[in-house]
A.B. asks: 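Got a structure for you, written out below as structure tokens; questions coming shortly.
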Amino acid sequence: MTFVELMIAMSIVLLIGTICFPKYSIEKYHINSFTKQLCSDIRYVRRSNMLGDGSVYILWTFSSGYNGYVLKNNKKNIKEISIPSNIKINPSIIRVKFRTDGSLEERGGKIKIFGKKVYKEITIVPISGRTLLKEGKYEV
């Protein structure tokens with residue numbers, strides 16, 4: 001093989017690698033940013049409910065093309081967050097709302113967010129109401 005052939009082969013391999021890599025990175029970025037935003041909003045709802053504002057809660061939205069959630073206050077939408085349809089949400093609770101002692105109104109549950117290669121899990125502890133995000137060394 002000549003040096004030119006070797007350089008052409010390496011450039012083709014690098015080109016294919018750069019085309020395939022961003023798809024995984026974009027999916028991972030979308031899931032990471034969505035889960036961190038969701039954890040932040042769950043903690044906001046918990047804090048508001050503990051301070052006596054029982055009208056703040058989170059509902060899930062599953063419409064065509066987008067999955068996500070709506071942060072509501074007095075039945076008005078404060079914030080709507082959605083992610084593309086190739087990323088799925090599987091919550092085990094219908095509505096995220098807390099009591100004044102910080103415990104979850106419904107039984108505790110897990111919210112699973114996953115794509116083709118990325119999986120995140122948010123756990124809301126039933127008694128304490130703590131919100132835990134499984135990431136880093138605990139990732140699957």
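Owing to the predicted nature of the structure, the values given are computational and were not obtained by experimental measurement. Values reported hereafter were calculated over all heavy atoms of this structure, with side chains retained and with hydrogens, waters and symmetry mates removed.
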A.B. asks: Would you compute the distance between atom CG of L38 and atom CD1 of I58 and round it to the nearest 0.5 angstrom?
C.D. replies: 5.5 Å
A.B. asks: Take L71 and V56 through the test side-chain contact (heavy atoms from CB on, under 4.5 Å) and record every step on the way to the result.
C.D. replies: CA-CA 7 Å; L71 180 62; V56 180; 4.2 Å; yes
A.B. asks: Give the minimum heavy-atom separation between I31 and G115, together with the two atoms involved.
C.D. replies: CD1-N, 3.5 Å
A.B. asks: T61 versus S82: any side-chain heavy-atom pair under 4.5 Å?
C.D. replies: no
A.B. asks: So does T131 get a backbone contact from the side chain of R43, meaning a donor-acceptor N/O pair under 3.5 Å?
C.D. replies: yes
A.B. asks: What's the verdict on side-chain contact (heavy atoms from CB on, under 4.5 Å) for V45 and F98, showing C-alpha distance, side-chain angles and the deciding distance?
C.D. replies: CA-CA 7 Å; V45 168; F98 297 88; 3.9 Å; yes
A.B. asks: Are side-chain heavy atoms of E5 and M10 found at a separation under 4.5 Å?
C.D. replies: no
A.B. asks: With clusters defined by side-chain heavy atoms of hydrophobic residues (ILVMFWY) lying less than 4.5 Å apart, directly or transitively, does I93 cluster with L59?
C.D. replies: no
A.B. asks: Tell me if a side-chain donor or acceptor on S40 pairs with a main-chain N or O of K36 at a distance below 3.5 Å.
C.D. replies: no
A.B. asks: Could you walk me through whether K79 and Q37 satisfy the side-chain contact (heavy atoms from CB on, under 4.5 Å) test, starting with their C-alpha distance in whole Å, then the side-chain angles of each, then the deciding distance to 0.1 Å, before giving a yes or no?
C.D. replies: CA-CA 11 Å; K79 184 192 308 186; Q37 180 68 47; 2.8 Å; yes
A.B. asks: Taking all atoms of both residues into account, what is the closest heavy-atom pair of S103 and P126, and its distance?
C.D. replies: CB-O, 3.5 Å
A.B. asks: Shortest non-hydrogen contact from R107 to S92?
C.D. replies: NH2-O, 3.9 Å
A.B. asks: Under the 3.5 angstrom rule, does the side chain of N77 hit a backbone N or O of V70 as a donor-acceptor pair?
C.D. replies: no
A.B. asks: When you measure from the side chain of N49 to the backbone N and O of D53, does any donor-acceptor pair fall under 3.5 Å?
C.D. replies: yes
A.B. asks: Quick one: closest heavy-atom pair of G129 and I124, and the distance?
C.D. replies: O-CG2, 4.1 Å
A.B. asks: Any donor-acceptor pair under 3.5 Å linking the side chain of E27 with the backbone of K117?
C.D. replies: yes
A.B. asks: For a 4.5 angstrom cut-off between non-hydrogen side-chain atoms, does I113 reach N90?
C.D. replies: no
A.B. asks: Does the side chain of I122 come within less than 4.5 Å of K110's, by heavy atoms?
C.D. replies: no
A.B. asks: Do any N or O atoms from the side chain of N74 and from the backbone of K76 form a donor-acceptor pair under 3.5 angstrom?
C.D. replies: no
A.B. asks: Do N67 and K88 have side-chain heavy atoms sitting under 4.5 Å apart?
C.D. replies: yes
A.B. asks: Give the cluster check for M50 versus I42: same hydrophobic cluster or not, with ILVMFWY residues linked at side-chain heavy-atom distances below 4.5 Å.
C.D. replies: no
A.B. asks: Please determine whether salt bridge (Lys or Arg N to Asp or Glu O under 4.0 Å) holds for the pair R95 and E106, giving the CA-CA distance in whole Å, both sets of side-chain angles, and the decisive distance to 0.1 Å.
C.D. replies: CA-CA 8 Å; R95 180 176 72 165; E106 297 183 28; 5.1 Å; no
A.B. asks: Going by distance alone, is a donor N or O of one side chain under 3.5 Å from an acceptor N or O of the other, for Y119 and E121?
C.D. replies: yes
A.B. asks: Looking at NZ of K28 and NZ of K120, how far apart are the two atoms once the value is rounded to the nearest 0.5 Å?
C.D. replies: 6.5 Å
A.B. asks: For R130 and V125, indicate whether the former's side chain and the latter's backbone hold a donor-acceptor pair under 3.5 Å.
C.D. replies: no
A.B. asks: Count the heavy atoms of every other residue, nucleotide or ligand shown that sit under 6.0 Å from CD1 of I127, and state whether that count exceeds 12.
C.D. replies: no
A.B. asks: Answer yes or no: is there a side-chain heavy-atom contact under 4.5 Å between S48 and Y44?
C.D. replies: yes
A.B. asks: Return the CZ to CG distance between R99 and L104, rounded to the nearest 0.5 Å.
C.D. replies: 7.5 Å
A.B. asks: Same cluster or not: I81 versus I111, using hydrophobic residues (I, L, V, M, F, W, Y) connected whenever any side-chain heavy atoms lie under 4.5 Å apart?
C.D. replies: yes
A.B. asks: Check whether the ring centres of Y69 and F34 lie less than 6.0 Å apart, and answer yes or no.
C.D. replies: yes
A.B. asks: Mark yes or no for whether W60, through its side chain, and I89, through its backbone, hold a donor-acceptor pair below 3.5 Å.
C.D. replies: no
